[in-house]
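Working notes for the structure below.
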Amino acid sequence: MDIMKTRALLVAAALVAFTGSAALADSIQHGDLTIKDAWSRATPPKAKGAGAFVSITNNGSEDAHLTGAVSGYAKRTEIHEMAVNDGVMKMRKLDDGIVIPAGETLELKPGSYHVMFMGLNQAFKMGEELKVTLEFEKAGPVEVTFPVMKMGAKSGKMHH
């Protein structure tokens, strides 16, 4: 293989590797918290709501408390829990937020805890990035970037 083809292949491979890993934002250190793997899903044009997901690790010696979320993408941005009780799926706002025990990781993920956007201002499109402020009782607010994955995505990981 000639040198130009080899270089072109190496550049192409590097681009694929870079764009695959760049989809998930780097982790954020916020006090004793590590916030990573943030993502959301694209929505249909007339969708009224959407969810966002993230992993929060509490590296501290005392419990942390996620009290809320703020964004300009919807009329309301809230912390929700989805649970199945007696075969019925229920979603509810967590008025008191979520406690992240010391030394543990909280996964906000589909079918569980999540950031909920209610009354969307516009559809979320794949490839966009949402800037959302997560609010913590002691650590205070932190802006987190949520890359928007394809509709129906099961995780924030890119699949090639």
Side-chain angles (χ1 to χ4, degrees), residues 18-85 88-159:
F18 177 75
T19 55
S21 62
L24 290 178
D26 294 332
S27 67
I28 298 169
Q29 278 305 130
H30 184 64
D32 289 333
L33 304 174
T34 302
I35 301 164
K36 64 180 191 167
D37 299 338
W39 66 284
S40 186
R41 293 183 183 122
T43 61
K46 304 270 188 225
K48 300 284 185 235
F53 315 99
V54 65
S55 172
I56 305 168
T57 300
N58 181 355
N59 303 300
S61 57
E62 56 183 63
D63 293 351
H65 189 187
L66 173 64
T67 57
V70 177
S71 82
Y73 304 106
K75 288 181 180 65
R76 296 193 322 272
T77 303
E78 304 171 343
I79 304 299
H80 278 218
E81 176 184 30
M82 184 176 286
V84 177
N85 296 326
V88 177
M89 190 184 314
K90 292 188 177 174
M91 188 165 53
R92 66 184 178 104
K93 178 184 178 195
L94 297 174
D95 290 321
D96 297 328
I98 310 170
V99 172
I100 306 150
E104 293 191 20
T105 297
L106 172 70
E107 295 280 342
L108 278 70
K109 60 188 178 186
S112 182
Y113 298 116
H114 56 278
V115 175
M116 185 73 200
F117 304 100
M118 312 231 349
L120 292 180
N121 297 331
Q122 64 189 52
F124 293 171
K125 294 179 179 59
M126 189 170 98
E128 290 179 339
E129 291 185 336
L130 310 175
K131 304 281 188 199
V132 178
T133 300
L134 298 181
E135 297 178 320
F136 294 92
E137 185 176 64
K138 291 183 180 153
V142 60
E143 184 176 88
V144 179
T145 299
F146 289 79
V148 178
M149 301 294 145
K150 70 179 183 181
M151 258 186 246
K154 302 278 190 263
S155 78
K157 309 234 180 332
M158 297 285 284
H159 300 286

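Because the structure is predicted, anything quoted here is derived from the model rather than measured. For this chain, numbers begin at 1 and follow the sequence in order.
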Would you say [X]'s side chain and [Y]'s backbone share a donor-acceptor pair under 3.5 angstrom?
X: N58; Y: E104; answer: no
X: D37; Y: V54; answer: no
X: H30; Y: E143; answer: no
X: T133; Y: V142; answer: no
X: T67; Y: G97; answer: no

Output the distance between atom [atom1] ([X]) and atom [atom2] ([Y]), rounded to the nearest 0.5 Å.
X: I100; Y: F136; atom1: CD1; atom2: CZ; result: 5.0 Å
X: I98; Y: D63; atom1: CD1; atom2: CG; result: 13.0 Å
X: I35; Y: L134; atom1: CD1; atom2: CG; result: 5.5 Å
X: M82; Y: S112; atom1: CE; atom2: OG; result: 9.5 Å
X: F146; Y: E129; atom1: CZ; atom2: CD; result: 11.5 Å
X: L33; Y: N59; atom1: CG; atom2: CG; result: 7.5 Å

- Message: I'd like to know whether M151 forms a side-chain contact (heavy atoms from CB on, under 4.5 Å) with R41, so could you lay out the CA-CA distance, the side-chain angles of the two residues, the decisive distance to 0.1 Å, and finally the verdict.
- Response: CA-CA 5 Å; M151 258 186 246; R41 293 183 183 122; 5.9 Å; no
- Query: Of L66, I79, L130, V70, which meets side-chain contact (heavy atoms from CB on, under 4.5 Å) against V115?
  - Reply: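 One option only clears the test, and that one is I79.
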If I compare all heavy atoms of [X] with all of [Y], which pair ends up nearest, and what's the gap?
X: F117; Y: A74; value: CB-CB, 3.8 Å
X: G72; Y: N121; value: O-ND2, 2.7 Å
X: H80; Y: M118; value: CE1-SD, 3.6 Å
X: A123; Y: T43; value: CA-OG1, 3.3 Å
X: K131; Y: T145; value: NZ-OG1, 2.9 Å
X: S55; Y: T105; value: OG-CG2, 3.4 Å

- Message: Salt bridge check, K109 against E107: does any charged N sit closer than 4.0 Å to a carboxylate O?
- Response: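 Answer for the salt bridge query: no.
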- Message: Measuring only between side-chain heavy atoms, which start at C-beta, is P110 closer than 4.5 Å to K154?
- Response: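 A side-chain contact is absent here, since even the closest heavy-atom pair is not under 4.5 Å.
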- Message: For M126, I'd like to know if atom CE has over 12 heavy atoms of other residues, nucleotides or ligands within 6.0 Å.
- Response: no
- Worked check of side-chain contact (heavy atoms from CB on, under 4.5 Å) between R76 and K93: CA-CA 11 Å; R76 296 193 322 272; K93 178 184 178 195; over 6 Å; no
- Aromatic rings H114 and F53: how do their planes relate, parallel, tilted or perpendicular, breaks at 30° and 60°?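 Aromatic pair H114/F53 classed tilted.
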